[in-house]
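Comments concern the structure below.
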Number of protein chains: 2
Amino acid sequence: MPAAAKHNNPRTASRATRRLQLIDATMKCIARKGMSSTTLGDVAREAGLSQGIVNLHFESKDNLLNETLRHLADEYRRRFDKTLSRAGPHPADQLHALMELDFKPSICDRQKLALWFAFWGEVKSRPAYRKICDEFDQYYDEVVEGLCTAIIAEGEYPHVSASAAANALTSMTNGLWLSCLVSPQSWDRREAMDAVMSYLKSVFPKHFNQRGYRANRTQ
Amino acid sequence: MPAAAKHNNPRTASRATRRLQLIDATMKCIARKGMSSTTLGDVAREAGLSQGIVNLHFESKDNLLNETLRHLADEYRRRFDKTLSRAGPHPADQLHALMELDFKPSICDRQKLALWFAFWGEVKSRPAYRKICDEFDQYYDEVVEGLCTAIIAEGEYPHVSASAAANALTSMTNGLWLSCLVSPQSWDRREAMDAVMSYLKSVFPKHFNQRGYRANRTQ
DNA sequence: ATATGTTGAATGAATACTCATTCATTATTC
DNA sequence: GAATAATGAATGAGTATTCATTCAACATAT
């Protein structure tokens, strides 16, 4: 029996596979029914397994939710790092690639966004969520601010604050995500990207010009 | 007996007063315990009233939550409109006043933000929430885009798109709210406002200059 | 004025239901 | 035939909702 088939069989999947399967089911349920009405029964049904299965693999619902958030954050982080490493040596290219990433359909679809917002919605009352989100935000900001600093140095932009620019950029993507979630019919991927680019162009005009996107690629 | 005292008495408050009192208690509970673990018992206890009180005044929990969101949105909207009307005739002043509003302590504190995010977290699975949020966002965007259009006309900014600028601005405030919620210790009101101002300065340099905030107030 | 009846808000115990968790049993693999 | 994984019925804590009863305020009658 091939390994793939074997792992789809009941009762034979490895512990890690089952956990992933359950986390996946959890994400689907939260996206569809919302955090406050997904039950462990829903998750088990979505996974095609039995009632008690979550407690067997995660011990408690709280634990399942924590692990789900961690999985979501880790997944994003992997794509973030990969995007960064593939974008070449220029900070402006890297920054642009990161901004594009946030609006790729695989990251920015209502299902995924509903998940992020579901967890953010409970951040205040659940320190565990806050810790995970905070850790990641810290890293994101750090990287973006670093890129802004490099761009400011390259372009000799005297009046631009790297931290203000980084703050503006990261906030903008989160805010545009909210619009996508709340107003999907009037939301448009290109408009969102345009909003971000309009900012980059006006703050770093030497790097992000009007047509195409990069001005001094060969600097 | 004075009317105020009378309304604080048990069994004598008007229907409207009771509903407000219960909505208020609901907001406190959601901010403290999160959406998914506030019960009607919690709300009643917070209000200092009895178990069945919410169903008496709101018929169902769903209904209570809908009304709470509507109350939150209405309250914000009132302040928004008042801010706009008090900001004088210049669109740049009006835009600046609106941006400042979003970071006033009375609007932008973690308790209030937790509430907004709690509802946004369930937007995908609850059409009623989406409707209320969408309606308001539509209005907000419309007003901000109108102001941007006016500023662009005044300042003869050839390459600026009003809709991209409006999109960027409204998204930024929502995103900065998220940072406040997730990273309260590293978050700073002035830094947030700086991020927004840095954007305004770079897109509308003739209107928002470096020191103070308005350049051509007397244009 | 006092007593009596009426009203409607509020109570809080009871009800019906949901859901996380447990565990004895069953299936599968090596 | 262990050992491991999964099942799914049973449990019990928790929760929304209901409703018979209580109560304060007011109205009317005496």
Side-chain angles (χ1 to χ4, degrees), chain A residues 1-26 28-30 32-68 118 122 125-126 128, chain B residues 1-26 29-30 32-68 122 125-126 128:
Chain A
M1 182 189 290
K6 184 177 173 186
H7 270 203
N8 281 336
N9 270 352
R11 296 173 184 275
T12 57
S14 75
R15 210 155 180 83
T17 305
R18 263 298 169 261
R19 284 171 62 96
L20 257 183
Q21 178 184 7
L22 289 170
I23 284 176
D24 199 57
T26 305
K28 280 180 185 141
C29 286
I30 293 177
R32 185 172 59 247
K33 315 190 45 176
M35 182 74 100
S36 60
S37 41
T38 60
T39 70
L40 292 187
D42 293 330
V43 172
R45 201 170 319 118
E46 176 73 42
L49 295 167
S50 66
Q51 173 72 354
I53 196 70
V54 168
N55 287 282
L56 183 66
H57 287 275
F58 288 91
E59 303 181 16
S60 74
K61 189 183 184 183
D62 270 14
N63 201 215
L64 170 70
L65 293 176
N66 288 338
E67 299 280 338
T68 301
E122 306 249 297
S125 49
R126 302 231 180 187
Chain B
M1 181 190 291
K6 182 173 171 185
H7 271 204
N8 283 333
N9 271 352
R11 296 174 185 274
T12 57
S14 75
R15 206 158 183 84
T17 305
R18 266 295 170 263
R19 284 171 63 96
L20 257 183
Q21 177 184 8
L22 288 169
I23 284 176
D24 198 57
T26 305
C29 287
I30 294 178
R32 184 171 61 247
K33 315 191 44 174
M35 183 75 99
S36 59
S37 40
T38 63
T39 70
L40 292 188
D42 293 329
V43 172
R45 202 170 319 117
E46 177 72 41
L49 295 168
S50 66
Q51 174 73 346
I53 196 70
V54 167
N55 287 281
L56 181 66
H57 286 276
F58 289 92
E59 304 182 16
S60 73
K61 188 181 185 183
D62 270 14
N63 201 215
L64 170 69
L65 293 176
N66 288 338
E67 299 281 339
T68 301
E122 305 248 298
S125 49
R126 302 230 179 186

Quiz item: Does the B:Arg19 side chain pair with the main chain of B:Phe58, one donor and one acceptor, at a distance under 3.5 Å?
Solution: no

Quiz item: Within the structure, does a side-chain N or O atom of A:Ser50 lie under 4.0 Å from either OP1 or OP2 of D:dG8?
Solution: no

Exercise. Considering just the side-chain nitrogens and oxygens of B:His57, establish if one lies under 4.0 Å of OP1 or OP2 belonging to C:dA10.
Key: yes

Quiz prompt | C:dA10 OP1/OP2 closer than 4.0 Å to side-chain N/O of B:Arg18 | solution = yes

Exercise. Let me know the distance between CG of A:Leu49 and C1' of C:dA27, rounded to the nearest Å.
Key: 14 Å

Quiz item: Quick one: B:Phe58 CZ to C:dA9 C1', roughly how many Å, whole number?
Solution: 15 Å

Quiz item: Which one, C:dT11, D:dA6, D:dT18, comes nearest to the side chain of B:Asn55?
Solution: D:dT18

Practice problem: Nearest-nucleotide wise, let me know which of B:Gly52 and B:Ser37 is further upstream toward the 5' end of DNA chain D. | Solution: B:Ser37

Quiz item: So, for B:Ile23 and B:Glu67, which heavy atoms are closest and what is the spacing to 0.1 Å?
Solution: CD1-O, 4.0 Å

Quiz item: Are A:Glu122 and A:Leu65 side-chain neighbours, meaning at least one heavy-atom pair lies under 4.5 Å?
Solution: no

Exercise. Return the value, rounded to whole Å, for the distance between atom CZ of A:Arg45 and atom C1' of C:dT18.
Key: 12 Å

Quiz item: Which heavy-atom pair separates B:Asp42 from B:Ser37 by the least distance, and what is that distance?
Solution: OD2-O, 3.4 Å

Quiz item: Where is the tightest heavy-atom contact between A:Glu46 and A:Cys29, given as atom of each residue plus distance?
Solution: CB-SG, 3.8 Å

Self-check item: Which nucleotide in C:dA20, D:dA6, C:dA9 has an atom nearest any side-chain atom of A:Lys61
Solution: C:dA20

Quiz item: Choosing from C:dA9, D:dA6, C:dT21, which nucleotide comes nearest the side chain of B:Leu56?
Solution: C:dA9

Quiz item: Under 4.0 angstrom, heavy atoms only, what part of the nucleic acid is A:Ile53 near: base, sugar-phosphate, or nothing?
Solution: sugar-phosphate

Quiz item: D:dT17, D:dT15, C:dT21: which one has an atom nearest the side-chain heavy atoms of B:Thr39?
Solution: D:dT15

Exercise. Look at the side chain of A:Gln51 against the base of C:dT21 and say whether a donor-acceptor pair falls under 3.5 Å; ignore hydrogens and angles.
Key: yes

Quiz item: What's the CG-P distance between A:Leu64 and C:dC19, to the nearest Å?
Solution: 15 Å

Self-check item: Rounded interatomic separation in angstrom, taking CG from A:Leu40 and C1' from D:dA9
Solution: 16 Å

